[in-house]
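Reviewing the structure listed below.
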2 protein chains.
Amino acid sequence: MNLKHSRQRDSILEFLATRKDHPTADTVYMNVRQSFPNISLGTVYRNLTLLADIGEISRIRLGDGVDHFDYDTSPHYHFICSECGGVFDLNMEVTDTLTKAAQENFEGKIEGHVTYFYGRCNNCNPKH
Amino acid sequence: MNLKHSRQRDSILEFLATRKDHPTADTVYMNVRQSFPNISLGTVYRNLTLLADIGEISRIRLGDGVDHFDYDTSPHYHFICSECGGVFDLNMEVTDTLTKAAQENFEGKIEGHVTYFYGRCNNCNPKH
DNA sequence: TTTAAAACAGTAACTGTTACTGTTATTAGT
DNA sequence: ACTAATAACAGTAACAGTTACTGTTTTAAA
């Protein structure tokens, strides 16, 4: 891979680094436009995909039809609120016992699994 | 909910019952057209959504950008092959230990989780 | 510097899905 | 059986998120 430096890409990565809420491409676009008013949504998508491909960030799919992006590439679980759509990290250990269990009765090679949790976040959960 | 009977819906459900490979809306469309040549893709989507809403079938999201549908609504895990996109059931127990563990350090209410596995299926995994 | 190519902005196209519109099929009440 | 109300239909347009194309600009190696 023969990458060239780009200020737009820097800016996208820099923005992601400031956020812990796993923004979507569109949110990235909105924000990076403050530094690069002419940046194209295509550029944002291209760079998010590239950064994810080289492992600088990770792309997260949570069943809401939109891709989220995370500067934190360490393995951890996510929670998505069914009410407000907010995404949160979970403070919880990641194990490979699930993958091992799955491999037991399965021919073929299981390489990993995707897990995310859903429900009501603290804000949306009715207090009582 | 005040449902009326429809032959198209029957046919969609009937087709799904014959398949264990979790077809997409488009696959359902292709097949049901053999009995109903004029059926509309919109009708297929509408009925799949309706059937899923009333719990007759389940809708499965596996991160490949397409919805899959399953006649088997009992809780079980799925595997998706990164190579051919094939979807398979896993013969493996479903527990709620994950949900409990996730709830530990999380304010708000965790209602459930989605888990699926990926890798190479038996056909796509290089033999040796 | 010059120059090859990576990256860009802008925009069109594509995919999966949902919504709209006027017509047909179903079913409950006579 | 007939009628009337409406669920469901076919066909098609619209929509959202994402990817691909085109001609121009930026980067960085020679």
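So that the names make sense, note that chain A is the first sequence line, chain B the second, and so on, each numbered from 1.
- Separating the CG atom of Leu41(B) from the P atom of dG16(C) is a distance of 10 Å, rounded to the nearest angstrom.
- For the OP1/OP2 pair of dC8(C) and a distance below 4.0 Å, the side-chain nitrogens and oxygens of Ser6(A) include at least one atom meeting the criterion.
- Considering only side-chain N and O atoms, Tyr45(A) lies nowhere under 4.0 angstrom from the phosphate OP1 or OP2 of dT19(D).
- Nearest-nucleotide mapping onto DNA chain D: of Asp26(A) and His5(B), the residue sitting toward the 5' end is His5(B).
- Remark: the Lys4(B) side chain and the dA25(C) base include no donor-acceptor N/O pair separated by less than 3.5 Å.
- In this structure, CG of Asn47(A) is placed 9 Å from C1' of dC8(C), rounded to the nearest angstrom.
- Looking at Thr115(A) and His113(B), their side chains never bring a donor and an acceptor atom within 3.5 Å of each other.
- In this structure, Arg19(A) is not positioned above the aromatic face of Phe15(A) in the sense of NZ or CZ being under 6.0 Å from the six-membered ring centre and within 45° of the axis.
- Taking side-chain N and O atoms only, Arg9(A) has a distance below 4.0 Å to OP1 or OP2 of dA7(C).
- Contact annotation: Arg7(A) does not reach the phosphate of dT26(D) (side-chain N/O to OP1 or OP2, under 4.0 Å).
- We find that CG of Leu51(B) is positioned 14 Å from C1' of dA7(D), with the value rounded to whole Å.
- By the 30° and 60° cut-offs, the orientation of the rings of Phe106(B) relative to Phe79(A) is tilted.
- Taking atom OH of residue Tyr29(A) and atom C1' of nucleotide dT11(C), one finds them 11 Å apart after rounding to whole Å.
- With no hydrogens or angles considered, no side-chain donor-acceptor pair links Thr24(B) and Asp26(B) at under 3.5 Å.
- In this structure, Arg61(B) and Ile39(A) both approach DNA chain C, and ranking their closest nucleotides by distance from the 5' end singles out Ile39(A).
- A distance of 8.0 Å separates CG in Asp70(A) from OG1 in Thr73(A), rounded to the nearest 0.5 Å.
- OP1 and OP2 of dA8(D) both lie 4.0 Å or more from every side-chain N or O belonging to Arg46(B).
- Rounded to an integer number of Å, the gap from CG of Leu50(A) to P of dA20(D) is 13 Å.
- Residue Leu48(A) contributes atom CG, which lies 14 Å from atom P of dA7(C) at whole-angstrom precision.
- Remark: Thr43(A) is in phosphate contact with dA9(C), judged by side-chain N or O atoms under 4.0 Å from OP1 or OP2.
- Ranking dT17(C), dG10(C), dG11(D) by closeness to the Val66(B) side chain, first place goes to dT17(C).
- Proximity of Gln8(A) to the phosphate of dT26(D): no side-chain N or O atom is located under 4.0 Å from OP1 or OP2.
- Per the geometry, CZ belonging to Phe69(A) stands 12 Å off P belonging to dG17(D), to the nearest Å.
- In this structure, the nucleotide among dA10(D), dT18(C), dA9(C) sitting nearest to the side chain of Asn38(A) is dA9(C).
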